[in-house]
There are 2 protein chains.
Amino acid sequence: MDTRERIVTEARELFLREGLEGFSMRALGERVGVSAPAIYRHFDDKDALLATLIDGSFSTFSSYLVRALSGKTPLERFRRTGEAYFSFALDHPRDYRLMFLTDCQELGFVCISEEIKDRAGGTFVFLVDRAKECMDSGLFQAGDPVPVALNVWSQTHGLASLWLLGNLEGRLDEAGFRAQVSLCLDSIELCLRSREAPLRQ
Amino acid sequence: MDTRERIVTEARELFLREGLEGFSMRALGERVGVSAPAIYRHFDDKDALLATLIDGSFSTFSSYLVRALSGKTPLERFRRTGEAYFSFALDHPRDYRLMFLTDCQELGFVCISEEIKDRAGGTFVFLVDRAKECMDSGLFQAGDPVPVALNVWSQTHGLASLWLLGNLEGRLDEAGFRAQVSLCLDSIELCLRSREAPLRQ
DNA sequence: GTCTATAGGTGGATAGAC
DNA sequence: GTCTATCCACCTATAGAC
């Protein structure tokens, strides 16, 4: 493994442990075993390094989403997409935070990067596709799938972020949270199924 | 207005403009017109000052929630609580961020403060009460109102935070966001109403 | 490519005069 | 209570030797 790769690996580890606040070039250099300035031979600046990290986070996220495609029906793929979203958030909380819980201002130029925006857009399109195929197969009422997808994203993101930022501390333990996740996914399904009710009557 | 009050006022202004990152005792002193060390005569440290700010944010939030009580029916009060939540998030984005979008680690001891936790708990109880009175009046299926309230909070928080952190940029403008808010509240209502469906049959 | 040395800046907090 | 002066820790990034 060459130095550049080791920098990325250790950067991910460091960010995982310390978050954005404790993530410094000095600390990273120490972990990698080189001086801080040496890192600048491999990355233009801190932002470029963070952009690489975010890119990797989206790759991991994508791998979770794609698993949902093994579902046999549109509805099953839709449900599994929701489950995959929570699995990712729980398995990779820091990545989740970097991707969805960090203000663009804080990340500086990173958020403007078109590559990153495209990757984020791609994962959203995945969700829109799941909604759309449920509509096309007549399970959900026909219409614009984008607002539906946004609504689903809001719900999953809301619960995940309340948990990850500690806002549920004292109210839910991890088991309670998992139960709440089930309720969240059930309620999404219930809501979308009820959209088909008028068609059935 | 004595100096302590002016410090709090300016601190809120400064935090509103700069966020947690740009919020320093030096900058605050400059705004107030005193030196940074002078602030330490009125507050033990930065955390104590931030705790005062958070406390004020919860006061503002409470005033939004209470407006919802002017609704004539349990369902109307429930709906208006959701609307009040979004109104607060849009009117006071920085306060919202300080209260619900800042990691406990980042705030240091502040999040451990029992006073703050109690205030946060109180606003949640308000939402639980709204769910409970809908249950008691037979509008929603009877059961534990807490998971229902958590589910509603997740949905509203999710949409609000996606918006406030810029994750919807390029996908929704402000008008689109408001439409999405309506859809969110409609979908919550739809979901909770469908819980009463079995009782009607 | 990596080092040391350093520039140039941020920040929180304290000491002691007034 | 407020000031100035200061300490100390930390940061990003560059210069120039090797």
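So that the names make sense, note that chain A is the first sequence line, chain B the second, and so on, each numbered from 1. This is a predicted model, so every value here is computed, not measured.
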S.K.: Once you round it to whole Å, what is the distance between C1' of D:dT2 and CG of B:Asp2?
M.R.: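 About 15 Å, once rounded to whole Å.
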S.K.: Just to confirm, is there a sub-4.0 Å distance from OP1 or OP2 of D:dT2 to any side-chain nitrogen or oxygen of B:Ser35?
M.R.: no
S.K.: Would you mind reading off the distance between B:Leu49 atom CG and C:dG11 atom C1', rounded to a whole angstrom?
M.R.: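 My rounded result for the distance is 15 Å.
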S.K.: OP1 or OP2 of C:dT2 sitting under 4.0 Å from any side-chain N/O of A:Thr3?
M.R.: yes
S.K.: Whole angstroms only, please: what is the NE2-C1' distance between B:His42 and C:dA13?
M.R.: 16 Å
S.K.: Going by the ring-ring contact (aromatic ring centres under 6.0 Å, His included) test, name the single residue among B:Tyr96, B:Tyr64, B:Phe78 that passes it with B:Tyr85.
M.R.: B:Tyr96
S.K.: Can a donor-acceptor pair be found, under 3.5 Å and without considering hydrogens, that links the side chain of A:Arg80 to the backbone of A:Ala68?
M.R.: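 Between the backbone of A:Ala68 and the side chain of A:Arg80 there is no qualifying donor-acceptor contact (under 3.5 Å).
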S.K.: Determine, for A:Arg79 against A:Glu83, whether the closest basic-nitrogen to carboxylate-oxygen distance falls under 4.0 angstrom.
M.R.: yes
S.K.: Could you check how far CD1 of B:Ile39 sits from C1' of D:dT4, rounded to whole Å?
M.R.: 15 Å
S.K.: Please tabulate, one pair per line, each protein N/O and nucleotide N/O from nucleotides 10-13 of chain D that are separated by under 3.5 Å, including the distance.
M.R.:
unit_1: D:dC11; atom_1: OP1; unit_2: A:Ser24; atom_2: OG; d: 2.9
unit_1: D:dC11; atom_1: N4; unit_2: A:Arg26; atom_2: NH2; d: 3.0
unit_1: D:dT12; atom_1: OP1; unit_2: A:Met25; atom_2: N; d: 3.4
unit_1: D:dT12; atom_1: OP1; unit_2: A:Lys46; atom_2: NZ; d: 2.8
unit_1: D:dT12; atom_1: OP2; unit_2: A:Met25; atom_2: N; d: 2.9
unit_1: D:dT12; atom_1: O4; unit_2: A:Arg26; atom_2: NH2; d: 2.8
unit_1: D:dA13; atom_1: OP2; unit_2: A:Tyr40; atom_2: OH; d: 2.8
unit_1: D:dA13; atom_1: OP2; unit_2: A:Lys46; atom_2: N; d: 3.2

S.K.: Apply side-chain hydrogen bond (donor to acceptor under 3.5 Å, both in side chains) to B:Arg94 and B:Ser57, showing your working.
M.R.: CA-CA 9 Å; B:Arg94 292 290 185 180; B:Ser57 298; over 6 Å; no
S.K.: Hey, does A:Leu90 have a side-chain heavy atom less than 4.5 Å from the side chain of A:Arg178?
M.R.: yes
S.K.: Does B:Glu13 come within less than 4.0 Å of B:Arg17, counting only side-chain N to carboxylate O?
M.R.: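 Salt bridge absent between B:Glu13 and B:Arg17.
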S.K.: Can you tell me how far P of D:dT2 sits from CD of B:Glu30, to the nearest Å?
M.R.: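 B:Glu30 atom CD is separated from D:dT2 atom P by 17 Å.
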S.K.: Nearest of D:dC3, C:dC3, D:dG1 to any side-chain atom of A:Val34?
M.R.: C:dC3
